[in-house]
**Student:** 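Sharing a structure here in structure tokens format.
The figures here come from the full heavy-atom set of this structure, side chains too, leaving out hydrogens, waters and symmetry mates. Quick caveat: nothing in here was measured; it's all calculated off a predicted structure. Naming: A, B, ... by sequence-line order, numbering from 1 per chain.
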Amino acid sequence: MSETVPPHRYTPELAQQIELAWQDRWEAEGTFHTPNPTGSLAEGFDRVADRPKAFLMDMFPYPSGAGLHVGHPLGYLGTDVTSRFLRMDGHNVLHPMGYDAFGLPAEQYAVQTGQHPRVTTEANIAAISAQLRRLGVDHDRRRTFATIDPGYYKWTQWIFTQIFGAWFDDVAGKARPIDELVTELDAGREPAPGTLPEGRTWSDLDDVERRRVVDAHRLAYLNQAPVNWCPGLGTVLSNEEVTADGRSERGNFPVFRRPLTQWMMRITAYSERLLADLDRLDWSDSLKQMQRNWIGRSQGAKVRFGEVEVFTTRPDTLFGATYLVLAPEHPLVESLTAAAWPADVDPRWTGGAATPAEAIAAYQLQASRRSELDRQAEGREKTGVFTGSYATNPLTGRELPVFVADYVLTGYGTGAIMAVPGEDTRDFEFAEAFGLPVVRTVQPPEGFGGGAYTGTGPMINSSNEHVQLDGLDKAAAIAAVTDWLVEHGHGESTTTYKLRDWLFSRQRYWGEPFPVVYAVDGPDADLPVAVPAEQLPVLLPDVDDYSPKTFADDDATSAPEPPLSRATEWTTVTLDLGDGPREYRRETNTMPNWAGSCWYYLRYLDPSDDSHFVDPELEAYWMGPRGGGDVGGVDLYVGGVEHAVLHLLYARFWHKVLFDLGHVSSEEPFRRLVNQGYISAYAYTDARGFYVPAAEVVEKDGQFFFEGQPVNREYGKIGKSLKNMVTPDEMIGAYGADTFRVYEMSTGPLEQSRPWETKAVVGSQRLLQRIWRVVVEESTGEVRAADAEIATDTLKALHRAVDGVRDGMTTLRFNIAIARATELTNHLTQVYGQSGPVPRQVCEWLTLLVAPLAPHLAEELWSRLGHDGSSAWAPFPVADPAYLVDDTVQIAVQVNGKVKAQLDVPADADAAALEATALADPRIAELLAGKTVRKVVAVPGRLVNVVAN
RNA sequence: GCCCUCGUAGCCCAACCGGCAGAGGCAGGCCCCUUAAAAGGGUCCCAGUGUGGGUUCGAACCCCACCGAGGGCACCA
């Protein structure tokens, strides 16, 4: 640094010094400690008791070894600026942060190094925590925790036992304690369909049989069903964790459908509420749409073709059904498999097998072995075999062949369809391949090219002695057919959902153990029992080998083997669960990574509470509904859109269960949610296609060079692989945290994705230097604030800036707030120059305006201006509306929509006055000479438009 | 294939739910300061809103079609 730089300029070095000092002081003074109304964190509540509350959060990070890059803080800074603004503006603000610390990367690292995942995870947490502190965020660090803390996962396990201890009462439309189910069953309530053993009744079951029936009603239940088995990871996965092309989201390994006994969560019971309550949330339309699509409600009818029940959304096309299809796993496949082929069977229908049984068995085996990926790769060529049986169309009496084909999915609807090739593309393809007839029941338009017609049109070929549909439109036809089906007992109107129950077991080490044991001996052996609350947490034991047994990626027949099953000291335990000491074995699966993030927002309210998962009084204060149908929840939740259907759906589900059971007063976890944009960065490849370090690429005349050689510019995610990693630490090292904060916030609205541009950061640095210079004389270090009159135009600029900054802060458009502060600063620099007195109010308001954005700078200036307390608690300036309006305004006068003149008029001139003034203007009069004025539109304060010809 | 979001100066982005297209920043030009350079200060430059229609006195904004980018879902009956 040259000696010509003024000694008291706001340089990066000075910024660093100021920032570190204030960060220490904030910590020492507990500046950002948020008082609770009650409990262990209640100290200081008096100070904020009359303030409205505001609970703001980010989606907490997974502590990876790579630390944070410049993309991560975008959301964190967005909530931080909002939090600081709301605190100054008179709210009691809760802005906590934690760590989502169970998960695969730490476990995989442990498998490689033999180091316990807790060790690496905690080191990573410490590193990220230091990065966050250096950014100057105002988290109440007393409330920080990680999902791996036993004091936290104790309550994750407790919530599991609550879900396990509940069932969904379809009549009441809500979850209830399982004891109440037993009482009702004893009193004669019908068990849910499929839960009773064949041909039995509740009253004649023995105790163990009854337990099985009750267990089948629970919201957390064991189920043998086809699940997503991923041999490459050695674990099963939920539907949400499998990509569209049939691979694991983590690691990109093939996934196979395989029947296994696993823990499930009955999220489907909440389909309707999860869907309906979206309308009550302040979330973006696109995010709500993603959840709606995932839940996938569709309205249709069940139709019984003899014993085969199908689901269709087009009952109007029943006359066009020419065959039926069952999913390969459908329970009726076996009984519908005929002993022999009919004499004249089409050779395409038999799969080349001698008997239907052989054909079906071969087809089922093939279907089970195919991964989802294979099904895609084969281009969706329709395959299937004939069962040899026929079913009767209830409306036409026609006999329809019954096929088995994997284009019908087992988990959706009834797992069986009526195929209408005339109006369904998939059915048409199958019909073509298998030589099945096509009957059109909807009149296609002129010139229709053939194939399935899925559009609308009048019904045809659809009348008989029972029902006459011909000529009707779709809605009327659906109503007519459905009425007939219901009346004659052949079906009913119904709603189905794409959403499936949540597969909740993982064959992993680094996750929450299930609070579940199974008796080893006795009649109730292998039935699950929840570990009592007072025995929680079930601690994760240490093991020698953290790895699940993994297999060749494509070994579809392999079976999961969880790492905890090898912790033999731990797996077997003697417990007294009420009927004396007995030997039990523990559940050896662990919970999925999503469990910990399903309720962490509640734990911030008091992470040290060892007697509740959350104190109801705190939940009511921070989360409770605000009346008028409000769902309650966190006031602002910011995070990436990638969690649209995983975390956000699971957390909503858990929250609703907790609400039904009376543990929380809010119906939804997150009242308002914003997805922050991504920061991407340019990356460069050389002639060989290898990435070169982006930081060393230079631009010259629009071309890019690395070490003198031309390189190609690409655009993508920030990270090591593209060699375009930029960290907040580097930027803070070069400019200071405040400059980094202002830069990130200035590049666009929070929701918007944007490119990172290191060379543009200097603009934010210059702004902060100018702000500093307004308050501090650069050569002497003296504060320029003085008692002086403020000129009217400056007063207006000041109030206008306050108004604009407030607008930007409340709408999360921090770029607007910064632009308004920049305008003010530029105005002040012009008026007051680089030295000399500046009115005190100007200095103070400017400081407070930027305090949420550049908090360290503001603290330093605030302190130099003579204030003892933190600027974080100073009141945010309020604009006086009187200074926001001008006496006169300039309005445009248009003739036929083209601007022809500008006029100065009183700001309060009404439409009539504007019109008179405009028409009296000589230029306008000249333009209108010889024309007839047809119409005059005058908008006060805006313009006048004269329509003439 | 279906659904959603978005196209405004060389770049990032504003424009008050239809009213004069430009606030702020980056880059670039010029000037001041400086022996010089950097830093700093000042000032200037550039678009008519992806394309084509429509509605309207008036459209970046509303409607239709197309083009382009990004995202979600995808054999869901």
**Student:** Which nucleotide sits closest to the side chain of Glu823(A): C13(B), C57(B), G24(B)?
**Tutor:**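 It is G24(B).
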**Student:** Arg766(A) side chain: which of C75(B), A77(B), G41(B) is closest?
**Tutor:**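 That would be G41(B).
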**Student:** Take Ala819(A) and Leu499(A), find for each the nucleotide of RNA chain B with the closest heavy atom, and name the residue whose nucleotide sits nearer the 5' end.
**Tutor:**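 Between the two, 5'-proximity favours Ala819(A).
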**Student:** Quickly, which of Phe428(A), Tyr323(A), Phe403(A) forms a ring-ring contact (aromatic ring centres under 6.0 Å, His included) with Phe434(A)? Name it, please.
**Tutor:**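 Running ring-ring contact (aromatic ring centres under 6.0 Å, His included) over Phe428(A), Tyr323(A), Phe403(A) with Phe434(A) returns exactly one hit, Phe403(A).
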**Student:** Quick check for you: among C75(B), G41(B), C3(B), whose closest atom lies nearest to any side-chain atom of Arg773(A)?
**Tutor:**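 Of the candidates, G41(B) comes closest.
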**Student:** Does Gln894(A) place a side-chain N or O at less than 4.0 Å from the phosphate oxygens OP1/OP2 of G19(B)?
**Tutor:**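 Gln894(A) to G19(B) OP1/OP2: no side-chain N or O under 4.0 Å.
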**Student:** Considering only C13(B), G40(B), A77(B), which nucleotide approaches the side chain of Thr313(A) most closely?
**Tutor:**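 It is A77(B).
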**Student:** Record whether the side chain of Lys498(A) comes under 3.5 Å of the base of C73(B) through a donor-acceptor pair of N or O atoms.
**Tutor:**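 Check fails, no donor-acceptor contact within cut-off.
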**Student:** Nearest to the side chain of Thr312(A), heavy atoms from C-beta on, is which of G41(B), A77(B), G72(B)?
**Tutor:**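 Of the options given, the side chain of Thr312(A) lies nearest A77(B).
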**Student:** Would you mind telling me which of G41(B), C75(B), G42(B) lies closest to the side-chain atoms of Gln830(A)?
**Tutor:**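 Selected nucleotide: G42(B).
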**Student:** Within 45 degrees of the axis of the six-membered ring of Tyr407(A) and under 6.0 Å from its centre: does Lys382(A) put its NZ or CZ there?
**Tutor:**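 Yes; both conditions hold, so Lys382(A) lies above the ring face of Tyr407(A).
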**Student:** Using a strict 4.0 Å threshold on nitrogen-to-oxygen distance, state whether Arg784(A) and Glu777(A) make a salt bridge.
**Tutor:**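 No.
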**Student:** Between the base of A23(B) and the side chain of Arg820(A), is there a donor and acceptor pair under 3.5 angstrom?
**Tutor:**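 When only heavy-atom distances are counted, Arg820(A) does reach the base of A23(B) through a donor-acceptor pair under 3.5 Å.
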**Student:** Let's see if you can work this out: which of C26(B), C13(B), A77(B) has an atom nearest to the side-chain heavy atoms of Val762(A)?
**Tutor:**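 Nucleotide nearest to Val762(A)'s side chain: C26(B).
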**Student:** May I ask you to verify whether the side chain of Asn293(A) and the base of C73(B) hold a donor-acceptor pair under 3.5 Å?
**Tutor:**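 There is none.
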**Student:** Which listed nucleotide (C57(B), G40(B), C73(B)) is nearest to the side chain of Trp294(A)?
**Tutor:**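 Closest nucleotide to the Trp294(A) side chain: C73(B).
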**Student:** As a test of reading the structure: which of A14(B), G72(B), C13(B) is closest to the side chain of Arg754(A), going by heavy atoms?
**Tutor:**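 Side chain of Arg754(A) sits closest to C13(B).
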**Student:** Whether the Ser764(A) and Tyr735(A) side chains hold a donor-acceptor pair (N or O, under 3.5 Å, no angle test) is what I'd like checked.
**Tutor:**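 Per modelled atom types, Ser764(A) and Tyr735(A) side chains form no pair under 3.5 Å.
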**Student:** Ion pair present between Asp807(A) and Arg813(A), side-chain N to carboxylate O less than 4.0 angstrom?
**Tutor:**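 Arg813(A) and Asp807(A): salt-bridged.
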